[in-house]
Amino acid sequence: MDFLSIEIIDEVAEAIRSRTSLVPKVGMILGSGLGEFAEEISSSTKIMTADLPHWPKSTVEGHAGRLILGEMEDQKVMVMQGRAHFYEGYSMPQIGLPVRVMKRLGAEFLFVTNAAGAVNSDFEPGDLMLLTDHINLVGMTGLSPLRGPNLEEFGPRFPDVSRVYDRDLHEIARNVSVELGIKLQEGVYVCLAGPAFETPADLRFLRGIGVDAVGMSTVPEATVARHSAMRVMGVSGISNKANLDGNTITTHEEVLEAGHMIAPKLSTLIKGVLRQI
Ligand code: HPA
């Protein structure tokens, strides 16, 4: 496997700089079916990620593969409409590349979103869940996005991850949700490699280890962001109840359908947070 060098990351950053002079403060990654929110960005430059060198292209329905740089709530943002996943065949370092490019372009914050299944039985499809922490199950088995030569330009060999998700951003998100009347659950997210959804036994295991929501993304990107001291906020859109008893089935169509219900709430929450950072 090839690890990413600083030269490769800077080549991508330069390709973006040649199209816009905007210096993003906030990088955002929009998960499955959640991309429509990016339509609200003003004065924007849109880049198809297929036109960028080295960028891991998304091959999944519901992920447009577009990068939008512009303004939202008077903040300069760089938004990924769609992302790449490990199950598509990319390496973990490749999945981390967009976040490192955001950092090189100047981003101080990463807002990362995903569609997830609820393991916590109190959660309902359509709910938003603020990530208080994650379990890096795939990373624990050796597939860390930070594996390989450490890039000192970003951060230390052994980064602290006791607070991946920024506590001040938690506070802001909680206040915004109360003010604007958005129900906001909180919990622990786990990233699995996918692409198969979980068996009922997988899900009972996940419940036992303290998982509230399960998905196939976010943890690599959040880990890379934290390595370079970016301030991270993570939000899951709960698209389905996980099938703990084996009596229902989960489909990607269901996940995309729930995205239409979740995207407006997510947009309201994120814009509220943008106004306060
Ligand atoms: N499992 C894993 N990933 C998911 C799910 C799920 O139930 N729903 C949306 N993404």
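Atoms within each ligand, like the ligands themselves, are counted from 1 in listed order.
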Peer 1: Could you report the tightest heavy-atom contact between L105 and P24, atom names first, then the distance?
Peer 2: O-CD, 3.5 Å
Peer 1: Checking a contact table here: which protein heavy atom is nearest atom 7 (O) of ligand 1, and how many Å away?
Peer 2: N240 ND2, 2.9 Å
Peer 1: Tell me whether V164 shares a hydrophobic cluster with V190, the cluster being built from Ile, Leu, Val, Met, Phe, Trp, Tyr side chains joined at under 4.5 Å.
Peer 2: no
Peer 1: In terms of residue, atom name and distance, what is the protein heavy atom nearest to atom 2 (C) of ligand 1?
Peer 2: E198 OE2, 3.1 Å
Peer 1: Measure N114 to ligand 1 on non-hydrogen atoms and call it side chain, backbone, both or neither using the 4.0 Å cut-off.
Peer 2: neither
Peer 1: Does the side chain of Q185 come under 3.5 Å of the side chain of D127 through a donor N or O and an acceptor N or O?
Peer 2: yes
Peer 1: Salt-bridged, K183 to E124, with N to O below 4.0 Å?
Peer 2: no
Peer 1: Looking at atom 4 (C) of ligand 1, what's its closest protein heavy atom, distance included?
Peer 2: V214 O, 3.6 Å
Peer 1: How does A242 reach ligand 1, if at all, at less than 4.0 Å between non-hydrogen atoms: by side chain, backbone, both, or neither?
Peer 2: neither
Peer 1: Considering only the protein, which heavy-atom contact is closest to atom 9 (C) of ligand 1, and what is its distance?
Peer 2: S239 OG, 3.3 Å
Peer 1: Is F197 in polar range of ligand 1, meaning some N or O pair under 3.5 Å apart?
Peer 2: no
Peer 1: Does the side chain of E39 come under 3.5 Å of the side chain of Q81 through a donor N or O and an acceptor N or O?
Peer 2: yes
Peer 1: Specify the protein heavy atom at minimum distance from atom 3 (N) of ligand 1: its residue, its atom name, and the distance to 0.1 Å.
Peer 2: G215 CA, 3.4 Å
Peer 1: Any N/O of T250 closer than 3.5 Å to an N/O of ligand 1?
Peer 2: no
Peer 1: Are side-chain N/O atoms of N114 and S217 paired as donor and acceptor at under 3.5 Å?
Peer 2: no
Peer 1: Which of the atoms of ligand 1 are close to A115, meaning less than 4.0 Å from one of its heavy atoms?
Peer 2: 9 (C), 10 (N)
Peer 1: What is the nearest protein non-hydrogen atom to atom 5 (C) of ligand 1, stated with its residue, atom name and distance?
Peer 2: G117 N, 3.4 Å
Peer 1: Shared ILVMFWY cluster between Y189 and V161, side chains joined below 4.5 angstrom?
Peer 2: yes
Peer 1: Strictly below 4.0 Å, N to O, side chains only: are E153 and R104 in salt-bridge contact?
Peer 2: no
Peer 1: What atoms of ligand 1 come within less than 4.0 Å of a heavy atom belonging to V255?
Peer 2: 8 (N), 9 (C)
